[in-house]
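Each ligand, and each atom within it, is numbered from 1 in the order the structure gives.
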Amino acid sequence: MDLAQLAQTAAAMVQPGKGILAADESSGTIKKRFDAIGVESTPDNRRDYRELLFRSTDAMRNHISGVILYDETIRQTARDGTPLVTLIEQTGAIPGIKVDLGAKPLPFCPGETITEGLDGLRERLTEYAGLGARFAKWRAVIDVGEGIPTWTAVKANAHALGRYAALCQEQTVVPIVEPEVLMDGGHDIDRCATVTEFVLKTVFQELYEQRVVLEGMVLKPNMAIAGKKSSRRASVVEVAEKTLMALKRCVPAAVPGIAFLSGGQSDEEATAHLNAMNRIGGAPWRLTFSYGRALQAAPQKAWSGKQDNVAAAQQAFTHRARMNGLASVGQWERELEARAT
Ligand code: 13P
């Protein structure tokens with residue numbers, strides 16, 4: 001393990017004005033996204049779509065610090081034969097890789113999952129590092145409902161995150177530690193904040209027990225936010241304040257940065273919430289984005305699988321990347337959205 005290198009990579013991932021593009025949709029998830037825009041999910045179509053993102057030079061150079069890739073993508077080449085990893089590196093962004101193998105049902109815990117993928121992870125990390133990955137991602141999923149999450153599920157998922165993070169650091173790969181509390185239910189923002197605290201406390205205890213060096217990791221949490229089916233919507237300021245409070249109670253200041261997931265928020269909500277937190281200021285860590293849907297929904301729609309739409313899709317991606325880049329330093333304004341072409 002090279003701690004200085006880990007800390008340097010982690011700092012670069014959360015540098016001011018930039019954030020992470022989560023383009024690591026599994027084959028199943030990207031098929032769902034492509035179905036929504038009427039595009040067949042073939043390896044070539046997936047390559048063409050991701051290539052257009054990575055060739056969005058303005059967005060990539062100015063607003064994207066790193067890209068999370070999926071196993072297929074890290075091995076793919078652009079139409080002209082250039083490895084997609086090289087395209088990313090040429091923009092100054094850092095390639096990373098999703099290494100978990102997905103969330104599977106957790107025995108005796110109905111409605112809850114455990115993320116798999118620890119067996120053979122050391123060998124897979126060695127291979128991915130050889131392909132250019134300098135950071136990795138592992139997503140644990142915690143659902144909120146009646147009687148859940150259980151301690152069994154929280155503990156098991158936190159343990160797996162700790163095991164994963166230690167294996168990454170052993171090979172000087174920065175772990176993105178992602179415990180996602182879902183926003184699918186009918187719960188309110190306070191319940192989300194309470195569950196988020198419970199999960200984060202447990203995760204950081206596991207990271208400590210498994211000797212993970214906090215200076216060499218990035219946390220990717222959900223925000224404290226009401227469930228999608230909740231009748232009480234929280235304001236932007238309430239989300240920002242309650243998210244910051246939960247994080248301050250649980251995340252040691254030694255962690256260099258926090259890069260939020262968007263989790264099903266609308267594009268503009270995800271930007272506004274991040275911006276509001278950075279406006280409040282005073283946090284001991286950098287606060288930025290690691291968005292999947294909130295960066296890609298607009299370009300996917302604009303592209304719709306047509307070569308003629310590539311420029312429009314790149315423009316849509318560049319706009320969202322720029323808005324979120326501004327939010328990462330608290331300089332976003334709603335009016336900037338309206339002025340977009
Ligand atoms: P969303 O921003 O769409 O939640 O995706 C981020 C991610 O990487 C989920 O694992």
Review point. Which residue pairs pass the ring pair (Phe, Tyr, Trp, His ring centres under 6.0 Å) test when at least one of the two sits in residues 154-200, sequence neighbours left out?
Key: W138-Y164, W151-F198
Exercise for review: Any ring pair (Phe, Tyr, Trp, His ring centres under 6.0 Å) involving residues 105-126? Give me the pairs, sequence neighbours left out, ordered by first then second residue.
Suggested key: none
**Study point:** Sequence neighbours excluded, every pair satisfying side-chain hydrogen bond (donor to acceptor under 3.5 Å, both in side chains) that has a member inside residues 4-25
**Key:** Q5-T9, D24-K137, E25-R50, E25-Q296
Practice item. Return the protein residues near ligand 1 (heavy atom under 4.0 Å from any of its atoms), ordered by chain and residue number. Key: A22, D24, K137, R139, E178, K220, L261, S262, G263, S290, Y291, G292, R293
Check your understanding: In terms of side-chain geometry, is the basic nitrogen of E238 or R232 positioned less than 4.0 Å from the acidic oxygen of its partner?
Key -> yes
Point to revise | Presence of salt bridge, E333 and R279, under 4.0 angstrom | key: yes
Review point. How are the rings of W303 and F34 set to each other: parallel, tilted or perpendicular (split at 30° and 60°)?
Key: tilted
